[in-house]
Amino acid sequence: MKNTIIAICLSAAVISATLAQTFDYPPARMSEQTDDYFGTTVADPFRWMEADSPELQNWIEAQNQLTQAYLDTLPHRDALRERITELVDYPRYGMPWVRSDRLFYFKNDGLQNQSVLYVLDAPDAEPRVLLDPNKLSEDGTVALQATSISKDGKYFAYSIARSGSDWNEIFVLDIATGEPLDDHINWVKFSGIAWHGDGFYYSRYDEPQEDERLTAKNEFHKVYFHRLGTPQSADHRIFETPEHPLRNNRASTDRDQQFLFVSESESTYGNSLYLRRIVGDAADGGELIPVITDFRSEQSPVAVLENAIYLVTDRDAPNRRLVRIDPTRPASEHWVDVIPEADSLLASVSFIGGRFVVTYLKDAAHEAFVCSREGQRIREIELPTLGMVGFSGEKDSDVFFQSFTSYTYPTVIYRANIETGDREEFFPSEINFNKDDYLTERVWYTNSDGRKVPILLTYKRGLEKDGNNPTLLYGYGGFNISVRPSFSAFRIPFLERGGIYADVVLRGGGEYGETWHKAGTKLQKQNVFDDFIAAAEFLIAEKYTSPEKLACQGGSNGGLLVAATILQRPDLFRAAIPAVGVLDMLRYHKFTIGWAWATDYGTSEDSQEIFEYLLGYSPLHNIRPGVRYPAILVTTSDHDDRVVPAHSFKFTAAVQEAQREREGLHPAFIRIQTKAGHGAGMPISKVIEQATDVWSFVMDQLAMP
């Protein structure tokens, strides 16, 4: 009864507030907490929100009720939920792959919370369910993460995450019977599963304190080897760096399991690489031979062919190249170029049917080629439009699988022949959506450095550039991550109602190689915000939209982008959705894996210069009282142990405090998802609810029909 009364009162208050443009935000206690940074005192009145407490839970409940009360006033919300649910309810397939003459693939019938893994035991066999993650929890909040099949095709190892956490557990199934083995591995994080013989390599941390599992700094990452049928306590430690507690270590093996590779990283860019030929017992701690040890470049093994190792690297090649190395002389001075650096970014390389399948990223869309083992191009793989392609195949089989997707092109999977190039639809798209009604165009804005850079615009055909089109500008701009043109059924209702979806290329991303990435890091991070601002100004100047019709959205590092940009240029946007954002730039490195982002951001402890630079754009520290910011809907999740929700809590409390009892300002809401994390593995039921709320907010603020 108490909660019902609160909800009724909140709903009435929100209706009244929406009309009068004042908002009765739940109070948040402000403490006297301050910190000294190189002689500068910085207040942190909401520090108490970094630790769970009854006080924080009460604040979260009140905020969710306030946000829900507002959303409940929107007359189109139920119809929007129905339309989203209808659009999402179609069969979706993952990329198939073959191991030991068996075919594996994921499929979601439409509204299943998690996709199901199927296996075909022979080409003409009926598919059978190997693993249904929906049966691992009643509410679909247990999600599959890493998967790996043993070389002999007998065993399937997989990891799961609960409630969206980055903490994983590993289990093993007998593929022939589908029966689980007794093996169970705990405290796994940022790990693959790399088989050799009767066991596999994986990475883990020591068991954390129970009350710190979602917040404590992750330190002392180790690689272990687990032999089937033995307890985790008997696992052999293969690699660790106790003198460097803030390094991550990840193991992999080649397809034929001749070599063990260990990649060691200090942050989100750059890795050291070690290798060892596996002879005898895989658990023996033999010497790992260093290939690269200085973290100044990235290198990833592609294949082992006739005792030569092929790597993709950006060593002395910001746009990446494919090199061949001799495992007896693996140092970089002995590398031999197979596919030299090109003008476009080398996005991926696969070895299929005796050839390399090579994908380039050119101006934010893929191009793909089949190349000989010597790196010579044999032919281009034709793609339907601007979009993203993927490949899967065995090194000794002419048959392979290809996927393609774009903003208006639902994912289609083809079965193709590497020799002839012939292909046929293997898993066609079955969504009830006419892609021909919509258009994606690549337009060019001038960024703050004077360079022409693409924005990918998607909208309904017949658009008039009259400055009155509702537009959502999406960006990321960090960690060498590139714009990925992919299909989402959740965007269709926005497009159906005349919206423009704009995906923008920003410095800090990976679209133009490592030089482009570095131009948006540390003391150049402002370039990313300036580019986003320039993109918004372009859309307005070219009359695609106007400030009253423009919203912006980004998640994680993109949440930082959105929050920082609207604080600097609130005049450009009507609404903003910073999702799971990094919003306290002075303390981000003190939680979970936050320290690993220092190569992009720097930390407040590095130097006075970097501290002052971070303070200059940190969203939490640049909120000004009384400023008419865009309407804000912050989104986060209670089990996010990647970007801890305290970032979003503190930022929301600070914005609301700055706007408290001031008329004529736009609202600042927060939506806090329960039993969810940073986004990966969220059950479809929660995804639909969140998408409904976010798009309802956008459509309401942009005054869409």
Side-chain angles (χ1 to χ4, degrees), residues 1-28 49 52 54-85 139-141 163-164 490 493-494 551 553 555 559 575-581 630-640 645 648-653 655-657 659-660 665-677 679 682-702 704:
M1 175 64 74
K2 177 182 176 182
N3 287 342
T4 302
I5 294 172
I6 291 174
I8 292 172
C9 292
L10 281 170
S11 180
V14 167
I15 295 172
S16 174
T18 303
L19 296 174
Q21 291 298 295
T22 59
F23 298 90
D24 186 15
Y25 297 118
M49 290 182 164
D52 193 20
E55 180 182 19
L56 179 61
Q57 290 303 314
N58 289 335
W59 182 86
I60 290 172
E61 181 181 4
Q63 290 288 346
N64 271 342
Q65 288 184 356
L66 176 70
T67 302
Q68 193 63 48
Y70 154 73
L71 293 169
D72 287 343
T73 68
L74 305 181
H76 58 265
R77 186 159 163 265
D78 289 341
L80 181 59
R81 182 190 297 106
E82 290 178 8
R83 179 59 178 148
I84 288 175
T85 303
D139 58 2
T141 57
S163 301
F490 298 102
F494 179 70
Q553 183 183 29
I577 307 97
V580 292
I632 299 171
L633 177 61
V634 177
T635 62
T636 189
S637 301
D638 63 350
H639 278 68
D640 189 346
S648 296
F649 298 161
K650 294 165 69 175
F651 176 77
T652 302
V655 173
Q656 291 180 349
E657 182 60 32
Q659 297 195 353
R660 197 177 298 278
L665 303 181
H666 296 138
F669 297 119
I670 184 171
R671 184 187 188 280
I672 305 154
Q673 184 71 269
T674 59
K675 296 190 73 176
M682 187 183 293
I684 196 67
S685 56
K686 289 182 181 288
V687 177
I688 290 172
E689 286 302 317
Q690 180 165 286
T692 299
D693 290 348
V694 168
W695 284 117
S696 294
F697 171 80
V698 170
M699 292 179 181
D700 178 54
Q701 295 301 323
L702 300 188
M704 295 178 69

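As the structure is a computational prediction, the values presented were derived from the model and not from experiment. All residue numbers in this chain count up from 1 along the given sequence.
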Can any side-chain N or O of Ser163 pair as donor or acceptor with the backbone N or O of Thr141 at less than 3.5 Å? no
In chain order, what residues pass the ring-ring contact (aromatic ring centres under 6.0 Å, His included) check against Tyr25, with sequence neighbours excluded? Phe23
What is the minimum heavy-atom distance between Pro645 and Asp638, and which atoms define it? CG-O, 4.2 Å
For a 4.5 angstrom cut-off between non-hydrogen side-chain atoms, does Gln701 reach Pro667? yes
Heavy atoms, side chains only, cut-off 4.5 Å: are Phe490 and Ile688 in contact? yes
Should Thr85 and Thr692 count as side-chain neighbours, where that means a heavy-atom distance under 4.5 Å? no
I need the full list of salt bridge (Lys or Arg N to Asp or Glu O under 4.0 Å) pairs touching residues 687-699, with sequence neighbours left out, sorted by first then second residue. Arg77-Asp693, Arg81-Glu689, Arg671-Asp693
For residues Ala28 and Trp59, report the shortest heavy-atom separation together with the two atoms involved. CB-NE1, 3.6 Å
Taking every non-hydrogen atom, the tightest pair across Ala653 and Met49: CB-CE, 3.8 Å
Which atoms form the tightest heavy-atom contact between Gly140 and Pro683, and what is the distance? O-CB, 3.3 Å
Taking the side chain from Thr73 and the backbone from Tyr70, do they hold a donor-acceptor pair closer than 3.5 Å? yes
Taking the side chain as everything from C-beta on, heavy atoms only, tell me whether Ile632 gets closer than 4.5 Å to Pro578. yes
Under 3.5 Å, side chain of Asn64 to main-chain N/O of Ile672, donor-acceptor pair present? yes
I'd like to check the ring-ring contact (aromatic ring centres under 6.0 Å, His included) partners of Phe494; sequence neighbours left out, ordered by chain and number. Trp695
Heavy-atom side-chain proximity of Thr635 to Gln673 below 4.5 angstrom: no
In Å and rounded to the nearest 0.5 Å, what is the CD to CD distance from Gln63 to Gln65? 10.5 Å
To the nearest 0.5 Å, atom CD of Gln68 lies from atom CZ of Phe669 at 11.0 Å
Test side-chain contact (heavy atoms from CB on, under 4.5 Å) on Ile60 and Phe649; report intermediate values, then the result. CA-CA 8 Å; Ile60 290 172; Phe649 298 161; 3.6 Å; yes
Has Asp700 got a side-chain atom pairing as donor or acceptor with Ser696's backbone, closer than 3.5 angstrom? no
List the atom of Val580, the atom of Thr636, and the distance in Å for their closest heavy-atom pair. CG1-CA, 3.9 Å
How many angstroms lie between OG1 in Thr674 and CG in Asp139, if you round to the nearest 0.5 Å? 9.0 Å
Going from NZ on Lys686 to OG on Ser637, what distance comes out if it is rounded to the nearest 0.5 angstrom? 8.5 Å
Using 0.5 Å steps for rounding, measure from the CE atom of Met704 to the CG atom of Leu80. 9.5 Å
Could you go step by step and tell me if Gln553 and Val698 meet the side-chain contact (heavy atoms from CB on, under 4.5 Å) rule? CA-CA 10 Å; Gln553 183 183 29; Val698 170; over 6 Å; no
What closest approach, in Å, do Ala576 and Phe697 show between heavy atoms, and which atom pair accounts for it? O-CE2, 4.0 Å
